[in-house]
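Naming: A, B, ... by sequence-line order, numbering from 1 per chain. Every heavy atom of this structure was used, including side-chain atoms; hydrogens, water molecules and symmetry mates were not.
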Amino acid sequence: MTTDILDHSIPEIAARCARGEVSAEEITRAALDRIQSRNPALGAFLTVQGDTALAAARAVDAQRTRGEPLGPLAGVPIGLKDALCSADAPATAGSLVLTRKAPRDGSPERDPERGYRPPYDATVVARLRAAGAILPGKCNMDEFAMGSSNENSAFFPARNPWDSERTPGGSSGGSAVAVAAGMTPGALGSDTGGSIRQPAALTGVVGVKPTYGRVSRYGLIAFASSLDQIGPFAADVRGAARLLEVIAGHDPRDATSLPVAVDAYEAACGRDVAGLRIGVPEEYFAEGIEPGVDAAVRRALDGLRGLGCEVRPVHLPHTRHAVAAYYIVATAEASSNLARFDGVRFGLREDASQGDLRGMYGKTRGAGFGPEVKRRIMLGTYVLSAGYYDAYYLRAQKVRTLIQRDFDAAFRKVDLIAAPVSPTTAFRLGDRTDDPLAMYLADVYTLPASLAGLPALSVPCGLAPAPDAPTASATRSVISSLIDSAIAKAKALPIGLQLIAPALAEARLFTAAHAWEQISPVRGARAPSS
Amino acid sequence: MATSLGPYEAVIGLEVHAQLLTRTKAFCGCATSFGDPPNTHTCPACLGLPGALPVLNGEAVRMAVAASLALGCTVQHHSVFARKNYFYPDLPKGYQLSQYELPLARTGVLEIEVEGETRRARILRVHMEEDAGKNLHGMGGASVVDLNRAGTPLVEIVGEPDLRSGLEAAEYLKRLREILMFVGVNDGNLEQGSFRCDANVSVRKVGEARLGTRTELKNINSFKFVADAIDVEIRRQIALLEGGERVRQQTRGYHPERRETYLLRDKESEADYRYFPDPDLPPLTLDEAFIDGVRSALPELPSPKRRRFTEELGLSPYAASVMTAHPRVAGFFEETCLLHGDPVKVANFVQSEVLRDARTSGLSATFTVTPKQVAALLRLVDEGTISGKQAKEVFTAMAESGHDPGDIVREKGMAVLSDTSAIEQLAASIIAANPKQVGAYRSGKTALLGFFVGQVMKQTGGSANPAVVNEVLMRLLAAPT
């Protein structure tokens with residue numbers, strides 16, 4: 001059976017399914033086939049729910065046979081980040097603390113199939129189901145969404161389909177890889193400080209972080225509640241727009257969700273961008289940016305100018321404080337959000353001696369959380385503790401306000417802001433694991449929009465060879481032939497263009513991203529291993 | 001009492017936790033409950049399951065605002081829920097949602113009367129929070145958790161340290177409980193823990209401005225013990241100071257049988273709760289229109305009600321306090337008064353008869369009769385249809401059968417015989433049957449009238465109108481046959 005159907009865009013797949021040219025079951029089988037063949041090398045999915053996915057697909061097909069109207073995602077397989085609760089799948093959030101202990105029968109210590117089973121669907125999951133989407137599996141992620149490389153997954157890292165020795169980014173790395181490697185045409189991730197945009201950029205797909213409050217967080221296992229936002233991944237802008245249109249909207253179960261009508265995002269794709277004012281913050285082209293990234297983003301700006309956009313510089317002077325403010329606010333909230341993983345009601349419990357409650361807590365959390373999560377819990381606990389609250393948490397909130405004001409001022413002059421997503425292309429697995437600070441600093445371009453609660457997306461804008469790939473030596477040496485063959489194999493890596501809009505102006509993001517996509521040199525580019 | 005403390009005075013401030021009588025919990029849609037099977041009123045939110053979020057219950061806000069206004073507090077337009085972080089199995093999220101820096105309401109006052117003297121005890125603040133679940137120990141050696149109570153809305157009412165004795169503290173609690181019950185937001189049940197009190201107690205030399213080191217008495221779950229526990233703790237602290245020792249900042253419990261307080265934990269080693277604003281809940285903003293709406297819907301509070309009962313309805317202070325002992329009793333009394341114009345008579349009857357069989361449980365009360373029945377019964381007495389003594393009998397029958405008093409009087413043939421001609425006939429036959437007594441009476445032994453009255457009453461089964469009987473007998477006996 002051919003799995004080519006998956007290489008079409010989400011609207012195209014849904015349309016073919018609705019017309020009966022392909023059944024939802026066939027599409028789902030294609031996705032399951034591809035997951036089976038490609039996932040072992042890429043680690044995008046932690047668990048696969050083939051049976052329930054096929055049952056859902058057959059239900060869609062039956063609906064069509066009966067002549068009932070089909071939803072906008074009818075038959076479209078969508079991967080779910082494992083931080084999202086779905087009543088028919090385990091949810092581990094990439095953590096051992098949400099698994100049961102391995103039985104003493106030689107089965108692996110770390111098995112996401114033994115994950116916690118939520119008794120309910122997240123609001124976005126319910127909306128996907130209602131729209132006819134098929135949910136074949138749960139995607140890999142950094143533990144509790146803490147990380148930028150997926151290496152903090154308690155199970156195994158997801159790998160970049162452009163070069164499987166490299167990271168796909170994180171924390172929603174699995175979701176990005178599922179789409180980039182053609183396993184599912186779309187996926188949901190969550191973005192707290194760049195966790196959708198950065199992996200989208202590093203894997204060459206479209207990823208959207210909506211306005212804070214645009215998508216219900218109900219059923220998203222929280223990392224940092226004031227920053228977390230669920231958003232879509234898709235191979236193209238229109239697909240991402242359709243996905244967001246399905247999941248967005250007010251939800252009475254989330255008090256922070258905005259009671260504002262959802263714009264027609266897909267209809268915004270294809271609108272003219274002439275006259276659109278695009279601001280370019282020089283603070284985002286600072287020291288440390290790879291020349292290839294800088295060049296690709298600037299070429300994209302030239303392209304947009306060519307479409308009639310007015311590109312001009314803007315200033316976001318407090319950008320340099322974003323990393324510090326973010327790692328205070330996010331860790332503070334995380335330290336509290338992760339208190340519920342205590343071994344009492346669900347997930348892992350390590351036994352202590354009878355009556356030793358503190359011991360049970362300590363052992364459970366000690367065994368359940370990985371090093372990065374522990375580091376952030378400790379940081380967050382510290383910044384909230386008596387005597388330090390004002391100096392850290394309160395001050396960070398003030399910086400957050402200043403960053404919001406930067407954007408407010410900029411958006412009085414421009415309609416959108418354009419910038420790189422990540423200062424680098426995908427780095428090698430293991431490169432930064434010993435240097436958490438370097439890992440944190442790489443989030444510098446995505447954090448400000450998160451702190452300001454603004455919508456932002458990443459759209460592919462170029463490919464460049466990795467700067468750490470071997471370069472040709474002038475002198476011919478004994479190993480020159482080896483080097484030459486390495487250069488030949490030096491893989492091109494994707495680069496993302498970040499667009500940031502004022503609150504709730506997602507439609508504008510889609511308009512601009514779609515316009516760029518039509519003239520992009522990497523339009524339709526697919527990862528080589530997909 | 002302050003007089004017995006020598007050179008010392010006690011300083012007491014109470015913190016009261018009162019469960020709000022909402023149908024559902026503070027931050028989810030689960031029913032509030034008491035006594036149901038464990039963990040039957042739970043959902044992802046109140047179980048603290050991953051991904052679940054809190055949504056504030058509007059009914060809880062309205063009740064908390066009503067309580068605040070009834071206590072004379074200023075309701076804040078902007079208040080914030082914070083997270084109080086600590087680990088305990090009955091706390092599913094690992095933090096309690098509680099207003100901290102920015103509470104719902106501030107600066108109220110409660111009037112208390114102790115030994116005939118009225119004092120004003122200030123209220124520092126009223127804030128909203130959620131209750132924890134319950135840990136149950138010793139279930140087959142294990143400890144288990146019931147989370148039915150987790151997330152039940154509470155108001156915490158923090159009093160200023162304005163109280164000076166256990167008696168004042170008990171009085172403060174009674175008045176506070178009464179207000180919350182009359183406003184209809186709390187059932188005042190100390191035993192079930194829906195109304196709980198912690199007391200901060202310290203002592204200092206009279207005249208000293210600085211407060212002494214305080215201890216916190218936790219969970220005194222009976223009115224009977226509040227005054228005792230506090231007075232015992234005051235004496236313990238004075239004894240420490242007199243012995244040259246210092247009072248340590250501690251949390252203490254009270255042992256009623258031994259009449260002792262005992263150490264629960266040292267405050268100095270207490271956890272850092274790491275409060276911060278809950279990012280899952282936007283700040284609570286209330287506009288003046290909402291607050292005014294709640295204010296205008298407030299019922300009459302117990303103190304003004306008592307004043308009105310004495311000043312306008314003519315009740316004695318004692319009767320007024322009995323008629324306001326419970327909101328439903330007051331309601332019964334007032335409803336009966338609407339149907340019967342004499343509040344004093346109504347109060348007497350309610351007090352002596354109705355309340356004897358009435359049962360209160362929390363905010364609800366069951367009466368064996370209705371105000372309409374009581375008013376009708378009192379009217380039968382007023383009209384002379386039945387006697388006051390018969391009224392009690394009718395009341396009992398009414399309570400048993402539920403029938404209206406008029407029907408009962410008719411069924412039992414109890415109507416007072418006021419028909420003069422019928423009584424005349426009967427009297428004449430009695431006079432004819434007792435010539436000896438008639439002779440004695442007529443020769444001056446007028447005390448024998450009682451004998452004749454007794455005969456008439458006996459033959460009518462007590463249903464003859466005594467006034468008519470007297471009048472008829474005197475007339476017939478006076479007239480020579």
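Counting heavy atoms from C-beta outward, Arg217(A) and Leu53(B) have side chains that approach closer than 4.5 Å. Residues Tyr275(B) and Ser336(A) are not in side-chain contact: their nearest non-hydrogen atoms beyond the backbone lie 4.5 Å or more apart. In this structure the side chain of Arg274(B) reaches within 4.5 angstrom of the side chain of Ser335(A), judged on heavy atoms. Residues Leu49(B) and Pro119(A) form a side-chain contact, since some pair of their non-hydrogen atoms from C-beta on lies under 4.5 Å apart.
In this structure, Arg345(A) contributes its side chain and Leu47(B) its backbone to a donor-acceptor pair below 3.5 Å.
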Open item on the list: I'd like to know whether Arg365(A) forms a side chain to side chain contact (heavy atoms under 4.5 Å, CB included) with Phe87(B), so could you lay out the CA-CA distance, the side-chain angles of the two residues, the decisive distance to 0.1 Å, and finally the verdict.
Closed with: CA-CA 12 Å; Arg365(A) 291 166 66 81; Phe87(B) 285 95; 3.6 Å; yes
Open item on the list: Determine whether Arg83(B) and Asn337(A) satisfy the following criterion, side chain to side chain donor-acceptor pair (under 3.5 Å), listing intermediate values before the conclusion.
Closed with: CA-CA 10 Å; Arg83(B) 295 183 180 182; Asn337(A) 282 336; 2.8 Å; yes
Open item on the list: Ser385(A) vs Asp272(B), test: side chain to side chain donor-acceptor pair (under 3.5 Å). Steps then yes/no.
Closed with: CA-CA 7 Å; Ser385(A) 49; Asp272(B) 175 355; 4.6 Å; no
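Each of Leu384(A), Val329(A), Val383(A) was checked for a side chain to side chain contact (heavy atoms under 4.5 Å, CB included) with Phe276(B), and the lone residue meeting it is Leu384(A).
Each of Ala52(B), Pro50(B), Pro279(B) has some count of heavy-atom pairs under 4.5 Å with chain A, and the biggest count is that of Pro50(B). The residue among Ala45(B), Pro44(B), Cys43(B), Gly94(B) with the most heavy atom pairs within less than 4.5 Å of chain A is Pro44(B).
With a threshold of 4.5 angstrom between heavy atoms, Tyr120(A) approaches chain B through side-chain atoms but not through N, CA, C or O. Neither the backbone nor the side chain of Phe223(A) comes within contact range of chain B, judged by heavy atoms closer than 4.5 Å. Neither the backbone nor the side chain of Asp228(A) comes within less than 4.5 Å of any heavy atom of chain B. Contacts of Ser216(A) with chain B are absent, with no heavy-atom separation under 4.5 Å from either backbone or side chain. For Asp280(B), the parts lying under 4.5 angstrom from a heavy atom of chain A are both the backbone and the side chain. At a 4.5 Å heavy-atom cutoff, the contact between Phe341(A) and chain B is made by side-chain atoms alone. The part of Arg358(A) that comes within reach of chain B is its side chain, from C-beta onward, which places non-hydrogen atoms under 4.5 angstrom from that chain. Contacts of Leu98(A) with chain B are made by side-chain atoms alone, with heavy-atom separations under 4.5 Å and no backbone atom involved. Proximity to chain B (any heavy atom under 4.5 Å) is shown, for Ala83(A), by neither the backbone nor the side chain. In this structure, the portion of Leu220(A) lying under 4.5 Å from any heavy atom of chain B is its backbone and not its side chain. Residue contact with chain B, scored on non-hydrogen atoms closer than 4.5 Å, is absent for Ala122(A).
Residue Tyr116(A) qualifies as enclosed at atom OH: its count of foreign heavy atoms under 6.0 Å is above 12. More than 12 heavy atoms of other residues, nucleotides or ligands sit less than 6.0 Å from atom CZ of Arg106(B). More than 12 heavy atoms of other residues, nucleotides or ligands lie within 6.0 Å of CZ in Arg252(B), so this atom counts as buried by the packing criterion. Atom CD of Glu101(B) has 12 or fewer neighbouring heavy atoms from other residues, nucleotides or ligands inside a 6.0 Å radius. The local environment of CZ in Arg375(A) is crowded, with over 12 non-hydrogen atoms from other residues, nucleotides or ligands closer than 6.0 Å. Around the OH atom of Tyr388(A), the shell of radius 6.0 Å holds no more than 12 heavy atoms that belong to other residues, nucleotides or ligands.
Scanning both residues, Pro282(B) and Ala255(A), for their nearest heavy atoms gives CG-O, 3.4 Å. Among all heavy-atom pairs drawn from Val145(B) and Val344(A), the shortest one is CG2-CG1, 4.5 Å. Nearest approach of Pro252(A) to Val55(B), heavy atoms of both residues: O-CG2, 3.3 Å.
One side chain, Arg340(A) or Tyr95(B), offers a donor N or O that lies under 3.5 Å from an acceptor on the other.
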